[in-house]
2 protein chains.
Amino acid sequence: MAGKKSPNGSRSDPEGTTEARRAPMREFSRSLPMSLLRAREAVMRQFRPSLRNHGLTEQQWRILRALTAVDTIEVTELARVAFLLGPSLSRILRDLEARDLIERRTAKADLRRGEVSISSKGLKLIEAVAPTSEAIYAEITSRYGARKLAELQDMLAELERGLAEMEVAGEPDAEADE
Amino acid sequence: MAGKKSPNGSRSDPEGTTEARRAPMREFSRSLPMSLLRAREAVMRQFRPSLRNHGLTEQQWRILRALTAVDTIEVTELARVAFLLGPSLSRILRDLEARDLIERRTAKADLRRGEVSISSKGLKLIEAVAPTSEAIYAEITSRYGARKLAELQDMLAELERGLAEMEVAGEPDAEADE
DNA sequence: GAAATTTGTTTAACATGTTAAGTTATCCGC
DNA sequence: GCGGATAACTTAACATGTTAAACAAATTTC
């Protein structure tokens, strides 16, 4: 398994004369988005099997996880905390409710708002998954180094902040980009 | 706007007697997967509008971008480089081919393999998008600091490496997790 | 206080992520 | 050289990402 077959098969153009395509702009595989994507994927690959064994997707886990921290939460707030877009959250909540992992009611003060909370069944599920999850996280932490991990997260947070500023700054309507 | 409504609404239980939900395990929003997800999203949010103006999704752009660096590439290799799963790539290539942005033929040496290359139309599209893209990237770089950005990428790469090792190590079949 | 606007949430439509199964072409052993 | 394993894709099926539109309830305007 993992034969590592020669990745450049029959590619023989050492000099580059027939090069119709030059200057890749940037190594591409080293672009920031790709780096972040690969790193995150590498992390999630560790957790997915365990979640899957418990019949949960990553996003469903995020939601249940967020719900354990509060008594009740409104849909919009939950979307913000679990970092999901409204439509995704809407669908997932429908499914989680059908599986009796969460409970919903509408706020009496504002009938538009929905209030969500985890059910006892949901809590049991969380408790069943948490140990494995924590173990994996601990393993990652010790392997990478707690200090370094914290530093990485700080850098990511700062990147986030800086980009948030860019958005308010340069956005001249965005239309008509030729 | 951004009312910052008290996130713990009617939550007044300082000691924790009626606590049905305790110990969030971790601040959650500070978990590594969430940090990486938010950071990446913050980055992509900068690029998406421009790509959209040119009728490209992020993944389509990744593929075309990867194709400009080579003369021809096999589907599997392309999947590895653009970091896409086979099925996703398969669908996207079908669409890109229908739009005449790429060209495909089967390798004569191995009829299973498909060889992909960018078309002249695809190249033109890339050339139209690249300037804006590069400008955004430059802006991000200067705002965050080139030095720091490189350091971040190094740390991400190391994280990836470490996690790759974890996979070969601990994987006792994964079945029967309770 | 009714019309216009805004807000909270859901539905719709299309693209991708993810795993499993299907197809066709090679390879490998005997 | 045939038959079973492999390999390279592709299809299928279901879940989520993403943007736009629909909807109903609340808020603002006049």
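The model shown is predicted, which means the values in this text are computed figures rather than measured ones. In what follows, chains are A, B, ... by sequence order, proteins preceding strands, each numbered from 1.
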Verify, without hydrogens or angle tests, whether B/Lys148 (side chain) and A/Leu159 (backbone) share a donor-acceptor contact under 3.5 angstrom.
no
Distance, rounded to the nearest Å, where B/Leu85 contributes CG and D/dA8 contributes P
16 Å
Length of the CG-C1' vector between B/Leu111 and D/dT10, whole Å
16 Å
Taking the minimum atom-to-atom distance to the side chain of A/Ser88, which one of D/dG17, D/dA25, D/dT19 wins?
D/dG17
Sidechain-backbone polar pair: B/Thr106 side chain, B/Leu111 backbone, donor-acceptor under 3.5 Å:
no
Nearest to the side chain of A/Gln60, heavy atoms from C-beta on, is which of D/dT18, C/dA25, D/dA15?
D/dA15
Out of C/dT19, D/dA26, D/dT18, minimum distance to the side chain of A/Asp110 belongs to D/dA26
A/Arg62 CZ to D/dG17 C1': how many Å, rounded?
11 Å
Integer-rounded Å distance: C/dA15 P and B/Arg99 CZ:
9 Å
D/dA15, C/dA12, C/dT16: which one has an atom nearest the side-chain heavy atoms of A/Pro87?
C/dA12
Taking the side chain of B/Thr76 as its heavy atoms from C-beta onward, which of D/dC9, D/dA25, D/dT19 lies nearest to it?
D/dC9
Heavy atoms only, 4.0 Å cut-off, all strands: where does A/Leu84 land among base, sugar-phosphate and nothing?
sugar-phosphate
Tell me, please, which residues at least two apart from A/Arg48 pass side-chain hydrogen bond (donor to acceptor under 3.5 Å, both in side chains).
A/Glu41, A/Glu58
Rounded to whole Å, NZ of A/Lys108 lies from P of D/dA25 at a distance of 18 Å
Identify whether any heavy atom of B/Thr57 sits under 4.0 Å from a base atom; if not, whether one sits that close to sugar-phosphate; answer base, sugar-phosphate or nothing.
sugar-phosphate
Test salt bridge (Lys or Arg N to Asp or Glu O under 4.0 Å) on A/Arg143 and A/Glu139 and set out the steps.
CA-CA 6 Å; A/Arg143 211 173 256 267; A/Glu139 166 80 7; 3.1 Å; yes
A/Arg80/A/Glu77 salt bridge by N-O under 4.0 Å criterion:
yes
Does one side chain, of B/Ser35 or A/Gln153, offer a donor that lies under 3.5 Å from an acceptor on the other?
yes
Side-chain N or O of A/Arg104 closer than 4.0 Å to phosphate OP1/OP2 of C/dT10:
yes
Whole angstrom is fine here: how far is it from CG in B/Leu89 over to C1' in C/dG17?
13 Å
B/Trp61 has an atom CH2; how far is it from atom C1' of C/dT16, in whole Å?
19 Å
When you match B/Gly86 and A/Phe83 each to their closest nucleotide on DNA chain D, which lands nearer the 5' end?
B/Gly86
Given A/Arg104, which partner from the list A/Glu97, A/Glu115, A/Glu74 fulfils the salt bridge (charged side-chain N to carboxylate O under 4.0 Å, His left out) test?
A/Glu97
Ignoring hydrogens and geometry beyond distance, is a side-chain donor-acceptor pair present between B/Thr68 and B/Arg65 at under 3.5 Å?
no
So, does A/Gln59 get its side chain near the phosphate of D/dG17, meaning an N or O under 4.0 Å from OP1 or OP2?
yes
Any idea which of D/dC9, C/dT10, D/dT18 is nearest the A/Val75 side chain?
C/dT10
Output the rounded distance in Å from CD (B/Glu74) to P (D/dA7).
15 Å
Which residues in residues 90-97 of chain A have at least one heavy atom lying under 4.0 Å from any atom of DNA chain D?
A/Arg91, A/Ile92
Measuring from the side chain of A/Arg112 (C-beta onward, heavy atoms only), which nucleotide among D/dA7, D/dA24, C/dA20 has the closest atom?
D/dA24
